[in-house]
Amino acid sequence: MNGQTSHQQPKDGRHDDDTALTEFLASLMDYTPTIPDELVEHYLAKSGFQCPDTRLTRLVAVATQKFIADVATDALQQCKARPAVIKDKRDKQQKEKRLILTMEDLSKALREYGVNVKHQEYFADTPTAGLDPASRDE
Amino acid sequence: MSDGGEAEGTRDEQNGSNLRSGDGDYSRAISRVAMAQICEGVGFEGFNESALDSLVDIAIRYVCELGKTTRFYANSAGRTGCNIFDVVQGLEDLGKPLGFTGASEVHTDCVVSSGAIREIKEYVDMADEVPFAQPVPQFPVIRERRMIPSFLQMGETPAFKHVPQWLPAFPDAHTYVRTPVWNERLSDPRTDKIELARQHRKAERSLLNLQQRLVCNGSSVATTSAEPCNGGNGSGVNNNGNLSLEKPLEAEDIGVSRVSIPPKLSSQAQTEKQVSLLETFAPAIEAMKDGLDSGSDGEKTFPEKRDSVFLELKGGKKVFGEPLDLKIRKAVGRTSSWFGHEGEKDDKKRRVEFILRQSLENQQELPQL
């Protein structure tokens, strides 16, 4: 493992931590992330990350995947929470709505993560168009 | 996943996404697929193009940011190579806005107990494994560059003293100096001349054969031999009332002595311009044939020839149905003019060629009638 010798701690605790870490990384290798390793390696190399160990690459890939999954889940909640009901006459079913990732839901979800992706309104058809969404919701 | 209904204009989004592609189209395309797969795993059934592009941007930025932070922590510790602790610290940094359990504690000795790692662990345990849809090759692909060999490698010594041997060699002289190229061929003037003469004779012979065949095909005389022009008799001349071609007469029928005619008619022969097809060719064909075959003894074969009969054709209008108007003198004159030149084959051939040329010109006018 890398960087194990820098600290002087009781060896027993360290040993447990080491084994835990090793186990964790081993479990990480079992899991194949959706984001391919080559892509992650490419972007990490661009930003200066230098490590020949593929486990770290996998760790970064999994972390990114988790992050995106969280964002997507929040956006899904937003999509489901919207009260709009589309009555499909052909199917004769109510509340049948296709879950589509829209910019609106995404921006709402990302705001919690500190990412501001406010999309500009195309045309102002309501008095509240273009205003801050927080005030608009109220 | 399917592309859902567009809430925003697609054209603007696509133009915007084109401008945003600073990372490279290939990696972005792969990211798009990966993000779409993640969304599908979360539960979405469709997406907007713009939304997916934003998500891709965010994911790429997350990876880059994580890499940057990791590198920063490694450099802070005096290293250039990153390790697991740097990564975990970077993760904690990125997770701080949202917060994770144990953020207030610093875990530098046991990484696994860190909140960020714990979350990742939970995610790994919980989430379904969705591998990437397609195999991705290693990129970016570094192309092997072929270097110009140095002087040492080429085995050459540079022409100038100030040029060291380890520098790339100069290009070959033929790449920048234009040298004329000659066709190296041994030319023997004598063989060339002989070859030329042979080809001339060959051409003339084939041309005469062609004309002869035309003559023979056109004639309606009873003779059907291979050389109808040679056969036949003088009485056949008057039979061709409708044809344009005349049968050549026997020398005896005409009763012309070859010896007496030459001086008088040779001059006339030169002035004759309009000749018919048959009459011109018969003597020429014979002369050429015999001349070619036998070689130099043209005079011996002449008695076997018949003097051709000429039609005097009026200017501009060729009348073929005039078998009665026979003018013998021209053909005889021409034939006899050949008799005088024994050893001058070239002269004879020149005249034959002249005749042929004339007849060819007239032949072109024949179809008009």
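In what follows, chains are A, B, ... by sequence order, proteins preceding strands, each numbered from 1. Just so it is clear, the structure is predicted and the values come from calculations on it, not from any experiment.
The pair Arg61(B)-Asp57(B) does not count as a salt bridge, with every side-chain nitrogen at least 4.0 angstrom from each carboxylate oxygen. Look at Arg32(B) and Glu49(B) and you find a salt bridge, because one of the NZ, NE, NH1 or NH2 atoms lies within 4.0 Å of a carboxylate O, short of that distance.
For Ala45(A), no part sits under 4.5 Å from any heavy atom of chain B, backbone or side chain. Interface residue Val87(B): only side-chain heavy atoms are found under 4.5 Å from chain A. Both the backbone and the side chain of Leu55(B) come within contact range of chain A, each with at least one heavy atom under 4.5 Å from a heavy atom of that chain. Both the backbone and the side chain of Leu76(A) come within contact range of chain B, each with at least one heavy atom under 4.5 Å from a heavy atom of that chain. Residue Val60(A) touches chain B through both its backbone and its side chain, counting heavy-atom pairs closer than 4.5 Å. When heavy atoms are compared at a cutoff of 4.5 Å, Glu41(A) approaches chain B solely by way of its side chain, counted from C-beta outward.
No other option in Ala74(B), Gly67(B), Gly90(B), Gly43(B) has as many heavy-atom pairs under 4.5 Å with chain A as Gly67(B). Listed options Leu110(A), Thr64(A), Val71(A), Asp70(A) were ranked by heavy-atom pairs under 4.5 angstrom with chain B; first place goes to Thr64(A). Heavy-atom pairs under 4.5 Å with chain B were tallied for Ala72(A), Gly114(A), Ala61(A); the largest tally goes to Ala72(A). No other option in Leu44(A), Asp105(A), Val62(A), Ile68(A) has as many heavy-atom pairs under 4.5 Å with chain B as Ile68(A). Listed options Cys79(A), Ser47(A), Gly48(A), Ala69(A) were ranked by heavy-atom pairs under 4.5 angstrom with chain B; first place goes to Ser47(A). Per-residue counts of heavy-atom pairs under 4.5 Å with chain B were compared for Val40(A), Val115(A), Val117(A), Leu59(A); the largest is that of Leu59(A).
Side-chain contact, Thr34(A) with Gln37(B): no donor N or O sits under 3.5 Å from an acceptor N or O.
By the side chain to side chain contact (heavy atoms under 4.5 Å, CB included) test, Thr69(B) pairs with Glu65(B), Tyr73(B), Asp93(B), sequence neighbours left out. Residues satisfying the side chain to side chain contact (heavy atoms under 4.5 Å, CB included) test with Asn75(B), not counting sequence neighbours, are Arg71(B).
When ring centroids are compared, Phe49(A) and Tyr43(A) stay outside the 6.0 Å threshold.
The distance from the CG atom of Leu91(B) to the CG atom of Asp86(B) is 11.0 Å, given to the nearest 0.5 Å.
Within a 6.0 Å radius of CD1 in Ile194(B), other residues, nucleotides and ligands contribute more than 12 heavy atoms.
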